[in-house]
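Please read all numbers here as calculations on a predicted model, not as lab measurements. Sequence lines set the chain letters: A, B, ... in the order given, protein chains first and strands last, and positions in each chain run from 1.
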Protein chains: 2
Amino acid sequence: MKLGEGVEAAIHCAAMLAGVEGEATLSGAAMAEAFGLSPSYLLKHLNMLSAARILESVSGPAGGYRLARSAERITLLDIVLAVEGREPAFRCGEIRQRGPAKLDASAYVKPCGINAAMLKAERAYRTALAEAKLSDIVSDFMSDADPRSVAASCAFVARHQRPQKSSSTKQA
Amino acid sequence: MKLGEGVEAAIHCAAMLAGVEGEATLSGAAMAEAFGLSPSYLLKHLNMLSAARILESVSGPAGGYRLARSAERITLLDIVLAVEGREPAFRCGEIRQRGPAKLDASAYVKPCGINAAMLKAERAYRTALAEAKLSDIVSDFMSDADPRSVAASCAFVARHQRPQKSSSTKQA
DNA sequence: GCTTACCTACTCGGATAGAGCGTGTCCGAGTGTAGTGGG
DNA sequence: CCCACTACACTCGGACACGCTCTATCCGAGTAGGTAAGC
């Protein structure tokens, strides 16, 4: 019962990408710098999000990542499943029928009750994750977090998103 | 997001131990045989359950394991936490404040919204697991499973539990 | 025949190797941009 | 002065080592029971 630490990075990046405007992108290197992570390794997780159709990637100069759809339609479950894989955490190995005195296969048509209970709990987990939309994460951050932190994040996005808005003032 | 397969073995063993009567015990070797597992490795997990005060172990001949309290008071959550560890699956590394432009610590007193959402989902998971009592697992198995499977399990327990009830007929 | 001491066999418990997966890093393919030469 | 070509710099994408956790195993410590000898 342990999630890879790439999940945290993926969610933070997705939340940051929710702040870019329109067709603009944010490069993986910029996000890695923002969170103090290894750029090469972050790319690995961002690539998984691209493969899951959560992010879009554009190559070349002024390239980077953007959300593939609105933050309203992206849930934490989407991100977690993309990074950690879709199979359930508890996999029933059917050890009940692996003993030396196993019965006929017809005695095991009913599903294992233990498996059912574990899967039910995991369904509750996924349901809670599916109810957490990325847009909620962002709006909660905007309203609840420290104003300095919000301002810093918005400034970072505005400075690194590309193509730069021509109207905005260029900062060093 | 992956649970070790020891969890499955631990739950099955606990369910089987719920079938022994009174002070009787079941040896780890017997349970390993019942499920086709390596005895030495199963001991490792059973030992964790003992350390968590879920099982009691008695040494020596006619020794083995028994439940430390009634199956009514043991939940799947107890077993999962004992085997997999008590720390949550999602550990917030606070990467939001690890970038090069981190603000004063006072800007991060509010908890991370992403961490809160993930922990909320995990609370739902644990709640569902805490509602699944071991006694429910056993009674559901007794009523729903194939009668042959139930009979085989009961026979196995009766044959291997020790000290043997003197009144029961000895089987080869 | 009863008691007692010893010995054996069986159990759990912790310490010890091996495999699989997540972590971290590197280099190559692709693309848009900027500069330069020619018309 | 305008256009086309070339070279470059920057991006993502996949292939390659390393470390750690989970898996699997072995051997030692401890204990209860059975056995045999002594009273």
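One interatomic measurement links the two molecules: CE of A:Met1 to P of D:dT21, which rounds to 18 Å at whole-angstrom precision. For the pair B:His160 NE2 and C:dC10 P, the interatomic distance rounds to 14 Å; values are reported in whole Å. Protein atom CG of B:Leu43 is 17 Å distant from nucleotide atom P of D:dG30, rounded to whole Å. In this structure, the CG atom of A:Leu37 is 12 Å from the C1' atom of C:dG24, given to the nearest Å. Summarising the geometry, the separation between CZ on B:Arg66 and P on C:dC12 is reported as 12 Å, rounded to the nearest angstrom. Atom CG of B:Asn47 is separated from atom P of C:dT11 by 16 Å (rounded to the nearest Å). Atom CZ of A:Arg162 and atom C1' of D:dA9 are 12 Å apart (whole Å). Protein atom CD of A:Glu56 is 14 Å distant from nucleotide atom P of D:dC12, rounded to whole Å.
The side-chain heavy atoms of B:Ser27 and B:Tyr65, taken from C-beta on, include no pair separated by under 4.5 Å. In this structure, A:Glu33 and B:Pro100 have side chains that are in contact, with non-hydrogen atoms separated by less than 4.5 Å.
A salt bridge links A:Arg96 with A:Glu94: the closest approach of a Lys/Arg side-chain nitrogen to an acidic carboxylate oxygen falls below 4.0 angstrom.
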Start with the C-alpha distance between A:Arg73 and A:Ser135, add both sets of side-chain angles, then the distance that settles side-chain hydrogen bond (donor to acceptor under 3.5 Å, both in side chains), and finish with yes or no. CA-CA 8 Å; A:Arg73 302 181 60 80; A:Ser135 53; over 6 Å; no
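Distance from the side chain of A:Pro61 is smallest to C:dG32 among C:dG32, D:dG13, C:dC12.
Along DNA chain D, the nucleotide closest to A:Tyr65 and the one closest to A:Lys2 are compared, and the more 5′ of them pairs with A:Tyr65.
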Short N/O separations, protein against nucleotides 23-27 of chain D, under 3.5 angstrom:
residue, atom, partner, partner atom, Å
D:dT23, OP1, B:Glu5, N, 3.0
D:dT23, OP2, B:Tyr41, OH, 3.0
D:dT23, O5', B:Tyr41, OH, 3.1
D:dT25, OP2, B:Ser38, OG, 2.9

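Of the options A:Arg86, A:Arg126, A:Arg69, A:Lys133, a salt bridge (Lys or Arg N to Asp or Glu O under 4.0 Å) to A:Asp78 is made by A:Arg69 and by none of the others.
Of the side-chain N and O atoms in A:Ser57, one or more sit less than 4.0 angstrom from OP1 or OP2 of D:dG13.
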Side-chain donor/acceptor pairs under 3.5 Å, residues 55-64 of chain B, sequence neighbours excluded:
residue, atom, partner, partner atom, Å
B:Glu56, OE1, B:Arg66, NH1, 3.0

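With sequence neighbours excluded, the residues satisfying ring pair (Phe, Tyr, Trp, His ring centres under 6.0 Å) with A:Phe35 are A:His12.
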